[in-house]
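Ligands are counted one by one from 1 in listed order, and the atoms in each one are counted from 1 as well.
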Amino acid sequence: MSSLETGDWPSHVAEGILSLLPLASTLYYFITSSIKFAFATSREQNPPPSSLQNGFICLVTLALIAYGTDAVLLLYTTFHQEQYDLEDQLVFSLWSLLLWIALLRGIRSGGHTRSFGLPHWGCWILYTAGEGVLLFCSWISPLRRLNGGYLALQILRMVVLILLWGLAALQRWVINATWNNQSDRGETARPWLQRLLAKYNNGYSTITNDSGRNNSTDGSNDTNAAEEAHGPPGAYETLRSLIPFVWPVENPSLQLFYVGVGLCLLAGRLFNILAPIQLGKITDALKASNVFPWKNIIYYVLLRLLNSSGGVGALQTYMWLPLENESYKKIATAAFNKVMDLSCDFHVTKESGKVYDNICRATKVHHVIQPLFFQIIPMITDLCLAITLLHAMFGPYMGLITATIIFLFLWSSGKTISLQKQIRQEYIEARKKDVNILFESITNWQTATYFNNIPYEKDRYFSAVSRFVKADTSYKSSFQVMRMTQSFVLAFGLLGVCFLIAYQVSVGKKEVGSFVVSIGYWTQLYGPLQFFANGFSSATINLVEIEDFIALVNTEPSIKEKPGARQFKVQYGTIRFDNVKFSYNDQQKILKGVSFEARPGQTLALVGETGSGKTTILKLLFRLYDASQGTIEIDGQNIRDVTLQSLRGNIGVVPQDPTMFNDTILNNIRYANFTATDEEIHDACRAVNLHDKFIALPNGYQTIVGERGVKLSGGELQRVAIARVIVQNPQIIILDEATSSVDSLTEAHIQKSLARVAAGKTMITVAHRLSTVAKADRILALKNGEIIEQGVHEELVNAGGYYSQLWKKQFLEHGDATKETDNSLLKPDAPEFIPQQLVEL
Ligand SMILES: Nc1ncnc2c1ncn2[C@@H]1O[C@H](COP(=O)(O)OP(=O)(O)OP(=O)(O)O)[C@@H](O)[C@H]1O
């Protein structure tokens, strides 16, 4: 091979390619694989069929061998034939060898996030073009004519590249055909969110099918299997879902802040380039003469100041703060609103601790965005600039050393990051468990105490904390291992750089200032590289946490309003159930075709053995669930066609187990109607026999009722719940065992008051104590989800059927139950109460 001579343009072109091709390809590969690593999508995770993958591996290995042999031949020629002008070719071969090792590694890890794609194809394009031009130059230029061995290797590389293209085309064709053959394109083409939600189905989220019913139990195994096969959604998809929470769409001035942050980052990069050059100038000036380079020193210090946290750093933080706060506000409210909007099925399966933990972690979304903006993007820019500058200023060997160190660094960091991701997942699981047990045990303190299980709860929490601490330790240890490895790699690189520049200075090729400049750039590389792994890993790791939040906000409530749902207009309050069927899950049918009508001014009672479906009927009426078949109408309006807000606003519910906010009695009752006056609330409490009791308390109506109302007795809680409904004054009233914890005397009083409140309204009441419903206008007796008898009390007792059996049983157990409803049992001086609303009527 001939040395290059001036005036021979093919030689110049070849020289340029030899020096720029590996550099350009490395930069390209570095940038695209970093992006791909972070933003890998599920679809790209499909590995190519293994036979094709093996083909790629063989071809790339062949190219590797060609570059390796080329390098060995060049080294041999350099040292044995003492031909020292082959530096360009040698660096080209060694650098290419390094790059192709990285390409081979990427292909071998196919099937994971770094499966080959854009980074590889881009490099192949560059190399095909570069090697093609090199071959052409060798052919037309006598100065570049290659001897046999080199020519054979160059042709071999060209052939390998052409075959790679052929194989790549085949791979595209095979994969497209495979995808098209997956008739419904199965899980691969399914939006990642659905797959993600499917993953959470077992936990707390639901997916609605066409009928709007929860199908969380069906097919979860299938979706999990698919999830395993295709992996979790890519970070790109997660980040894309975050955009609405991070980008201030409706606030252009905040958008400008983003631009400002970007400009600060750019300025930072510029100062990073200028500072070492300035330092080199100072060193050269000091060495050259006795002149005091004060101007250079001031420029240098100024550059350092501008690039510190007191310069653009401060401005950047100042502009970032409102952006961070804005995204916090959006995320916190989005998560809370979503949890509040989700349907009953979510709330009965959720684990409060996990949901709470999830929302708390989601509000830290800026921990993902921050490293991305402040570390990863500047770091990639810094590294690219550093390689280019070092290569341009100190020659190809310097470029080769830098590239080698960066490859080694990325490889070792990549290994630990993927290991960490798994450890972090375990860490998150352990923390969720820990928080959940904490929540559960504290909430269920009473149960734990009644069953003397406080030591058990303590043990349970201790185990959870221990597991968390163990996971935390392995997580932090993995960080240390990563940092140590990185430090070794960087120290190794520094040694190479120092030797190289010191040699160049010692033989007079470079000025002393160059040594300072090179070390300056190298140390600048050191910082961003270390941040790279930390920032990158914390960003990718935080993304794992953010996925939970994304899953939550994308969970669809199973009970949804129809588009264009009307306002519910209650006229009379006629309720009609027509052949209603329902089940909570596929295993058990709860309602098997229930039909009835409740008319205004009437009280309809639902009785029957426990678990027969009474409460379920009330839940369907309130649209906590949707019937799987049949219709429910109120005044001729299907409850599915009206807005939830307007429907629920017209129905007053006293649930089986009412709960209160940890607030005053007054506020708890006013919760049902924020416009209610104190007097109306007092009247409602008189109706449930509580007024005297409340005013006798030291703080009267201002007494705090404790968490969930624990400071009130069961009977008092039920009565406050009835008072709420009285204050709400709805047209339809639902009472589910509303007076089960109340003594007979008080119950009789409440019944009397309720009868007045319910005048002209529709009331559905569920009761086990049949005396409570004996005076109902119609009684429906339920058994196994079916209405087996209906009529008024006397009819049903005389019929001698199911109701009659229940009645007799209670009669035998408790004596003449009817007597309990006898008004004579009321205190002779019991005040006759007429609620305010009735007075107005
Ligand atoms: N969220 C749920 N998920 C699954 N099954 C449920 C759910 N809620 C209730 N069930 C089941 O549905 C059946 C009917 O429950 P429902 O509460 O309607 O009975 P009930 O007649 O009101 O009983 P009780 O008189 O004891 O209150 C029961 O077997 C119950 O276990």
Side-chain angles (χ1 to χ4, degrees), residues 201-209 211-218 220 339 342-352 355 555 557-559 575 577 580-596 598 604-630 632 651 653-659 714 717-718 721 733-742 747 763-773 776 779-790 802-803 805-807 809-810 813-814 817:
N201 239 1
N202 291 338
Y204 56 71
S205 87
T206 57
I207 296 177
T208 49
N209 58 20
S211 67
R213 289 286 328 289
N214 171 11
N215 65 354
S216 62
T217 47
D218 341 322
S220 57
V339 171
L342 282 172
S343 309
C344 198
D345 47 7
F346 171 86
H347 287 277
V348 295
T349 49
K350 73 172 190 277
E351 289 173 88
S352 303
V355 175
T555 305
S558 54
I559 304 298
I575 300 167
F577 271 60
V580 170
K581 294 184 182 169
F582 177 77
S583 55
Y584 291 101
N585 50 50
D586 284 349
Q587 281 86 51
Q588 200 189 1
K589 288 191 171 63
I590 304 297
L591 297 181
K592 303 165 185 165
V594 169
S595 303
F596 65 86
L604 184 100
L606 298 174
V607 299
E609 65 194 17
T610 180
S612 56
K614 302 180 293 293
T615 304
T616 305
I617 290 179
L618 305 184
K619 285 181 184 165
L620 294 183
L621 179 62
F622 201 68
R623 245 199 119 192
L624 290 180
Y625 295 90
D626 273 338
S628 37
Q629 263 185 50
I632 303 170
I651 303 176
V653 184
V654 180
Q656 262 180 16
D657 49 351
T659 56
L717 262 178
Q718 285 192 330
I733 298 173
I734 292 176
L735 305 173
D736 191 358
E737 294 282 353
T739 50
S740 58
S741 308
V742 175
E747 188 184 24
M763 185 153 86
I764 302 187
T765 177
V766 168
H768 278 293
R769 195 154 31 163
L770 298 184
S771 58
T772 321
V773 295
I779 298 171
L780 307 183
L782 261 103
K783 196 172 180 188
N784 294 330
E786 282 174 298
I787 299 174
I788 51 167
E789 280 176 15
Q790 52 183 304
Y802 176 63
Y803 180 84
Q805 279 172 18
L806 290 178
W807 177 256
K809 199 158 180 284
Q810 284 195 6
E813 277 172 12
H814 306 293

If you measure from each non-hydrogen atom of Y625 to ligand 1, which part falls under 4.0 Å: side chain, backbone, both or neither?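 For Y625, the contact with ligand 1 is made by the side chain alone.
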At under 4.0 Å between heavy atoms, which part of H768 makes contact with ligand 1: side chain, backbone, both or neither?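 Side chain only; the backbone of H768 stays clear of ligand 1.
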Among protein heavy atoms, which lies nearest [atom], and at what distance?
{"atom": "atom 14 (C) of ligand 1", "value": "G611 O, 3.5 Å"}
{"atom": "atom 15 (O) of ligand 1", "value": "T616 OG1, 3.7 Å"}
{"atom": "atom 29 (O) of ligand 1", "value": "Q588 NE2, 3.7 Å"}
{"atom": "atom 6 (C) of ligand 1", "value": "Y584 CD1, 3.2 Å"}
{"atom": "atom 13 (C) of ligand 1", "value": "I590 CD1, 3.6 Å"}
{"atom": "atom 27 (O) of ligand 1", "value": "Q656 NE2, 2.7 Å"}
{"atom": "atom 26 (O) of ligand 1", "value": "T610 OG1, 2.3 Å"}

Heteroatom distance test (T615, ligand 1): nitrogen or oxygen, under 3.5 angstrom: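 The answer is yes, given that T615 and ligand 1 share an N or O pair closer than 3.5 Å.
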N or O pair under 3.5 Å between G613 and ligand 1: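 Yes, G613 has an N/O under 3.5 Å of an N/O on ligand 1.
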Does a side-chain heavy-atom distance below 4.5 Å link V339 with H347?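 They are in contact (side-chain heavy atoms under 4.5 Å apart), so the answer is yes.
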Taking the side chain as every heavy atom from C-beta outward, state whether V594 and F582 have any pair of such atoms under 4.5 Å apart.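 V594 vs F582: side chains apart.
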Non-hydrogen protein atom less than 4.0 angstrom from atom 18 (O) of ligand 1: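 True for atom 18 (O) of ligand 1.
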Please check if the number of heavy atoms outside K592 that lie under 6.0 Å from its NZ is greater than 12.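 Yes, NZ of K592 has more than 12 neighbouring heavy atoms, counting only those of other groups under 6.0 Å.
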